Amino acid sequence: MIQKLIDAGDLKQHLQKAETDDRSKRSKQVQLPEGNRTLNTISCSEPNGPSLAAQIGKRFRKKFEDYCELYKIDGVEVDEHEQWMNAPMTFDAEDVEEDMEDHNDPLVLTLPVAGCNVKKILIDRGSSANVLFYDTFKRMELNDEQVMSSYYTIYGFNGAPTKRLGYIVLEVKAAPMKFSTRFSVVDVPYPYNTIIGRRWVQKLKGFAATYHQYLRFPTSKGVMEIKGDQVTARECQVLQK
């Protein structure tokens with residue numbers, strides 16, 4: 001009898017609610033802080049740029065990969081080997097919406113950075129550096145005096161070496177996690193506001209799934225997730241062509 005009702009579609013709304021409840025048990029969607037200024041302007045003045053897989057070519061030398069990122073929860077530094085950090089993070093067919101089964105979109109998120117909800121953040125697992133573009137830097141109302149000197153070069157933008165203006169350390173939040181994150185400040189036109197590389201994701205002990213369009217990571221309150229913005233990702237890709 002129940003199977004007949006299911007086949008007829010009479011229990012569809014109840015089944016969808018059950019699927020939603022099951023998903024909420026697996027992971028919790030991260031909410032952005034209210035009251036933060038939101039940066040949404042595309043910072044690219046003209047279309048250009050290499051492929052996503054080669055955004056920063058050679059990267060920095062090894063010693064400049066030693067960022068000053070700290071593992072904190074609610075601002076308090078914790079041991080990086082807590083039991084809850086071993087929570088499994090799974091992705092399955094239920095995470096893939098019908099209209100996104102066949103796509104080639106990068107993972108683009110909105111994250112709180114230095115008190116601003118910054119949109120158009122590219123999560124680039126091929127990058128060992130975090131990059132903050134100067135146009136975004138100015139719209140965040142940061143001061144040039146906060147930028148520390150640097151004599152190293154980034155390779156990859158526009159197919160040529162790019163001299164950094166310097167670097168700056170800013171707090172990036174992911175739910176209860178807070179990271180003091182080192183960004184290289186560069187002044188080149190680009191469709192994204194910021195690039196966050198693999199080191200930050202690994203420090204979060206998370207997994208960035210471009211196909212499923214989620215960043216998932218363990219916390220003391222359970223596995224949490226941040227969903228990618230595919231509409232924005234596609235807009236940025238058009239500007240790169």
Side-chain angles (χ1 to χ4, degrees), residues 30-46 48-49 55-61 63-77 108-124 127-158 160-201 203-204 226 229 232 235-236 239:
V30 171
Q31 301 297 319
L32 290 171
E34 296 182 1
N36 280 3
R37 292 185 299 116
T38 298
L39 301 184
N40 190 36
T41 304
I42 294 176
S43 59
C44 183
S45 59
E46 58 185 32
N48 55 27
Q55 299 298 341
I56 311 180
K58 290 185 177 180
R59 328 297 183 192
F60 297 132
R61 295 184 181 181
K63 68 177 182 178
F64 277 86
E65 291 185 355
D66 296 331
Y67 302 144
C68 48
E69 294 163 345
L70 302 176
Y71 200 88
K72 295 183 178 181
I73 299 176
D74 293 328
V76 179
E77 192 168 355
V108 176
L109 307 179
T110 299
L111 292 172
V113 180
C116 298
N117 291 333
V118 180
K119 296 188 175 184
K120 297 183 177 68
I121 295 180
L122 173 66
I123 303 299
D124 185 0
S127 172
S128 62
N130 305 310
V131 177
L132 178 64
F133 295 98
Y134 190 62
D135 178 73
T136 307
F137 175 92
K138 297 302 289 185
R139 286 185 289 112
M140 293 175 70
E141 299 181 0
L142 298 172
N143 194 305
D144 288 349
E145 295 179 356
Q146 296 175 258
V147 178
M148 291 169 273
S149 299
S150 171
Y151 301 97
Y152 287 82
T153 301
I154 295 178
Y155 291 84
F157 296 104
N158 306 322
T162 300
K163 179 68 181 297
R164 295 192 293 172
L165 299 179
Y167 68 89
I168 188 170
V169 178
L170 302 173
E171 183 180 77
V172 181
K173 295 182 181 179
M177 308 302 186
K178 299 179 182 179
F179 293 90
S180 296
T181 303
R182 179 171 180 164
F183 290 91
S184 296
V185 182
V186 297
D187 189 8
V188 296
Y190 216 59
Y192 303 99
N193 287 326
T194 302
I195 294 176
I196 286 183
R198 63 176 179 269
R199 188 175 179 88
W200 187 89
V201 176
K203 194 71 176 177
L204 190 62
I226 302 174
D229 184 346
T232 297
E235 290 174 352
C236 291
L239 286 170

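As the structure is a prediction and not an experimental result, all values here were calculated from the model.
Of all heavy-atom pairs between N130 and R182, the closest is ND2-O, 3.3 Å. Here the shortest heavy-atom pairing between V147 and G166 reads CG1-CA, 3.5 Å. Residue S149 comes nearest to Y167 through the heavy atom pair O-CE2, 3.6 Å, listed as atom of the first residue, atom of the second, then distance. The minimum heavy-atom distance linking K120 with P191 is given by the pair CD-O, 3.7 Å.
With contacts defined as side-chain heavy-atom distances shorter than 4.5 Å, the pair R198/S128 qualifies. Contact check for K138 versus D144: side-chain heavy atoms found under the 4.5 Å cut-off. Taking 4.5 Å as the limit, every side-chain heavy atom of V113 sits out of range of all side-chain heavy atoms of T194. Proximity of K119 to T232: side-chain heavy atoms (C-beta onward) are nowhere separated by under 4.5 Å. With contacts defined as side-chain heavy-atom distances shorter than 4.5 Å, the pair L142/L132 qualifies. Contact of the N193 side chain with the F133 side chain is not registered, since no non-hydrogen atoms from C-beta on lie closer than 4.5 Å. Counting heavy atoms from C-beta outward, F183 and I196 have side chains that approach closer than 4.5 Å.
Screening I195, V108, V201, I226 against I123 for a side chain to side chain contact (heavy atoms under 4.5 Å, CB included) leaves a single residue, V201.
Residues meeting the ring-ring contact (aromatic ring centres under 6.0 Å, His included) test with F137, sequence neighbours left out: Y134.
If you take CD on E141 and SG on C116, they are separated by 7.5 Å, rounding to the nearest 0.5 Å. Put simply, CG on L165 and OG on S184 are 10.0 Å apart, with the number rounded to the nearest 0.5 Å.
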Steps toward side chain to side chain contact (heavy atoms under 4.5 Å, CB included) verdict (V131, Y192): CA-CA 10 Å; V131 177; Y192 303 99; over 6 Å; no
